[in-house]
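The figures that follow rest on heavy atoms only: side chains count, while hydrogens, waters and symmetry mates do not.
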Amino acid sequence: MRYSAPWMVQLDERILEHLSEVAWAEPETMTTAFRSTESRAKVRNRCHRLAASGLIGPLWLNSRMYEITTSGQLYLNGQMCAEDVPAPGPVRVGPPPKKSERPEYTSR
């Protein structure tokens, strides 16, 4: 049984399952393969989020082609809980620092 993380959506599961069946894919080809109402932009956005979490990865730097990672395959096999994967996004929690608390940078 799979345990998804709170930040994951159903489309993430479909992307991971698709990438486990093919060697690699682009968000555009995944959108066509899914035959759903999901837009290319939404699939692309979810691919970026899954890549940031380490469940999928680009074939090379700045590539639009993705493949499933070992962590992604372990998650699909039910051998890893996605809650153990860090959520993609900013690290800092809370409001931004006040201007007086920000570091000062000087030019040389």
Side-chain angles (χ1 to χ4, degrees):
M1 181 171 185
R2 295 183 207 156
Y3 295 99
S4 62
W7 56 266
M8 293 179 76
V9 297
Q10 186 176 11
L11 180 58
D12 297 342
E13 298 271 343
R14 294 179 73 194
I15 291 169
L16 289 166
E17 289 169 356
H18 181 74
L19 289 174
S20 72
E21 296 169 1
V22 298
W24 59 268
E26 294 179 305
E28 290 75 17
T29 58
M30 285 187 248
T31 304
T32 305
F34 296 158
R35 296 184 185 151
S36 69
T37 58
E38 302 296 348
S39 68
R40 288 182 190 169
K42 176 118 179 165
V43 174
R44 193 176 318 116
N45 180 25
R46 297 314 300 175
C47 284
H48 287 298
R49 295 205 38 122
L50 289 169
S53 70
L55 295 175
I56 68 173
L59 288 179
W60 57 83
L61 189 62
N62 298 325
S63 172
R64 292 185 305 165
M65 297 176 241
Y66 293 95
E67 63 184 347
I68 193 164
T69 62
T70 302
S71 296
Q73 196 62 55
L74 288 172
Y75 166 73
L76 282 181
N77 295 342
Q79 297 172 313
M80 185 182 85
C81 178
E83 289 183 348
D84 297 333
V85 176
V91 176
R92 183 165 37 98
V93 177
K98 297 176 185 171
K99 191 170 185 176
S100 61
E101 297 172 347
R102 296 181 196 158
E104 291 186 34
Y105 298 100
T106 57
S107 59
R108 293 182 179 184

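To the nearest 0.5 Å, the span separating CD on Gln10 from CZ on Arg46 amounts to 12.0 Å. Ile56 contributes atom CD1, which lies 5.0 Å from atom CG of Leu50 (distance to the nearest 0.5 angstrom).
In this view, Glu13 and Arg2 satisfy the salt bridge (charged side-chain N to carboxylate O under 4.0 Å, His left out) rule, not counting sequence neighbours. Partners of Ser71 by side chain to side chain contact (heavy atoms under 4.5 Å, CB included), not counting sequence neighbours, listed by chain and number: Leu55, Thr69, Met80. Gln79 meets the side chain to side chain contact (heavy atoms under 4.5 Å, CB included) test with Leu74, Asn77; sequence neighbours excluded. Glu38 is linked by a salt bridge (charged side-chain N to carboxylate O under 4.0 Å, His left out) to nothing, counting only residues two or more places apart in sequence or in another chain. The side chain to side chain donor-acceptor pair (under 3.5 Å) check on Glu28 picks up Arg44, with sequence neighbours excluded.
Counting only residues at least two apart or in different chains, salt bridge (Lys or Arg N to Asp or Glu O under 4.0 Å) contacts with residues 51-60 are absent. The salt bridge (Lys or Arg N to Asp or Glu O under 4.0 Å) contacts involving residues 65-76 comprise nothing, where partners must be two or more places apart or lie in separate chains. For residues 22-71, the ring pair (Phe, Tyr, Trp, His ring centres under 6.0 Å) pairs, not counting sequence neighbours, are His18-Phe34. Among residues at least two apart or in separate chains, there is no salt bridge (Lys or Arg N to Asp or Glu O under 4.0 Å) pair with a member in residues 50-62.
The two residues Tyr75 and Tyr3 have their closest heavy-atom pair at CE1-O, 3.5 Å. The minimum heavy-atom distance linking Cys47 with Pro27 is given by the pair SG-CG, 4.1 Å. The shortest non-hydrogen separation linking Ile68 to Leu19 is CG2-O, 3.8 Å. Between Ala25 and Thr29, the shortest heavy-atom distance links the atoms CB-OG1, 3.8 Å. Minimum interatomic distance between Ser20 and Gln73 (heavy atoms only, all atoms of both residues): CB-OE1, 3.6 Å.
The hydrophobic cluster containing Leu61, built from Ile/Leu/Val/Met/Phe/Trp/Tyr side-chain heavy atoms closer than 4.5 Å, comprises no other residue.
The cluster map of Ile, Leu, Val, Met, Phe, Trp and Tyr, joined by side-chain heavy atoms under 4.5 Å apart, puts Val43 and Met65 in different clusters.
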Exercise for review: Could you go through the side chain to side chain contact (heavy atoms under 4.5 Å, CB included) check for Met8 and Leu16 one step at a time?
Suggested key: CA-CA 11 Å; Met8 293 179 76; Leu16 289 166; 4.1 Å; yes
